[in-house]
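One structure is given below, encoded as structure tokens.
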Amino acid sequence: MTPAITPFSLLFASIFTSNILLANFLGMCSFISISKDMKSSNGLGLAVTMVLTVTTAVNWLILQLLQTLGLVYLRYIVFIIVIAAVVQMLEMIIDRVSQTLYMNLGIFLPLITVNCAILGVSLFMEIRNYSFIQSVVYGLGSGLGWWLAIMALSAIRKKVEKAPVPPGLKGAGITMIIIGFMAMAFIGFGGMLQVQ
Amino acid sequence: MSDVDTRPGAILKNNLWTSNPIFMQVLGICSALAVTNLLTNTAIMTIGVTFVTGFSNLTVSLLKKFMPRKVRMMVQTLIIAFYVIIVDIVLKAYLPEISRNLGPYVGLIITNCIIMGRAEAFAQSNDPIPSLWDGVTSGLGYMGVLMVIAVFRELLGFGTLFGFQILPDAFVPWTIMVMPPSAFFLLGIIIWVGKAAMNREGAPA
């Protein structure tokens, strides 16, 4: 049942070949709105990576419990509650540890709860029957991939701001097209490794 | 919000065109772009989204008096998750094939920003019936854009529409249309066309 893939290749695959954002379209909302600013992108990328790793691990454990109890249909509700709780905890920890990071992330942290990437990774983990180690690695890799993608996009957007773009295409339009090109670039990695 | 026009016609026009969730607000594309490579999947997916948006708006509006402000996000999420589970179970029971194709994306309706956004922006401060209507029309506006993308992707990627052969056999399918980047390109172009048309109309862009 568990797919035979080494944790290392899974890490590589989830960052590059099947990037959660560019191949699975997850986490687009905050991706587009935050990528205007590089500093917040960096912070959000870090936060998403942390939340993804923790939630995937917790959700894997809870999924085993739900499976033994025969309550798998409740997984959406349970997953989302776990995610909300982890985000809340992370918010408190960041508040204590780094005030500057907290100020930068203040608005975005609650948004992570409804970030599709987080729930998406948990659902993919369930569908693909990953083992615990694989799930954690997959969560970490997806987070790193998301981080990489948002940093790349915000860097490109900085340049595009100064370029003459047709008025209708400004903002969201041109961003989508840039993401399209990025997705094509990442598909280039696809020949190296495939995960299902 | 008392400045929101709650007449049914105004809501319809607003949600389908002037503040269409996709090309004006770029919300909620996460969970749905992935299924736009086949028209049938897109149709089922967006019908699901419309159902969930409509009914979660209705429920949020009905319960708004009983919801403490501090936990309302959580309550809204749970209401949405409840309807998504219904959609998921119905799909599994009656359309198992499509349910398999959609995979995790049905569950991801929960995190679709449109639903949360409408619950927060409209249902929270309006009566149940206009809220239901607002949710349904938002879903339809969303459906419209995604269906357009799906038509292009399926027609050019497979030469079919709803699984029926449309283009002659001599047509060489564009592989790119089956792959993720094409969804981004098409959405970019649709946003462009939509915004350009709106600028010409003189509406605030």
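Order of the sequence lines sets the chain letters (A, B, ...), proteins ahead of strands, with each chain counted from 1.
Going from atom OH of A/Y73 over to atom CD1 of B/I89 covers 7.5 Å, rounded to the nearest 0.5 Å. Rounding to the nearest 0.5 Å places CD1 of B/I80 at 11.0 Å from CD1 of A/I77. With rounding to the nearest 0.5 angstrom, the CZ atom of A/F181 is 4.5 Å from the CZ atom of B/F185. Taking CE from A/M182 and CZ from B/F184, the interatomic distance works out to 9.0 Å, rounded to the nearest 0.5 Å. Atoms CD1 and CG, from A/I81 and B/L78 in turn, are 5.0 Å apart once rounded to the nearest 0.5 Å. We find the CD1-CD1 distance between B/I191 and A/I174 to be 11.0 Å, quoted to the nearest 0.5 Å.
Counted within 6.0 Å of CZ on A/F16, heavy atoms from surrounding residues, nucleotides or ligands total more than 12; the atom is thus considered enclosed. More than 12 heavy atoms of other shown residues, nucleotides or ligands fall within 6.0 angstrom of atom CH2 in A/W60.
With a threshold of 4.5 angstrom between heavy atoms, A/I127 approaches chain B through side-chain atoms but not through N, CA, C or O.
Of the residues listed (B/I109, B/L108, B/I110), the one engaging A/Y76 in a side-chain contact (heavy atoms from CB on, under 4.5 Å) is B/I110, and it is the only one.
Counting all heavy atoms, side chain and backbone alike, A/G180 lies closest to B/P181 at O-CB, 3.5 Å.
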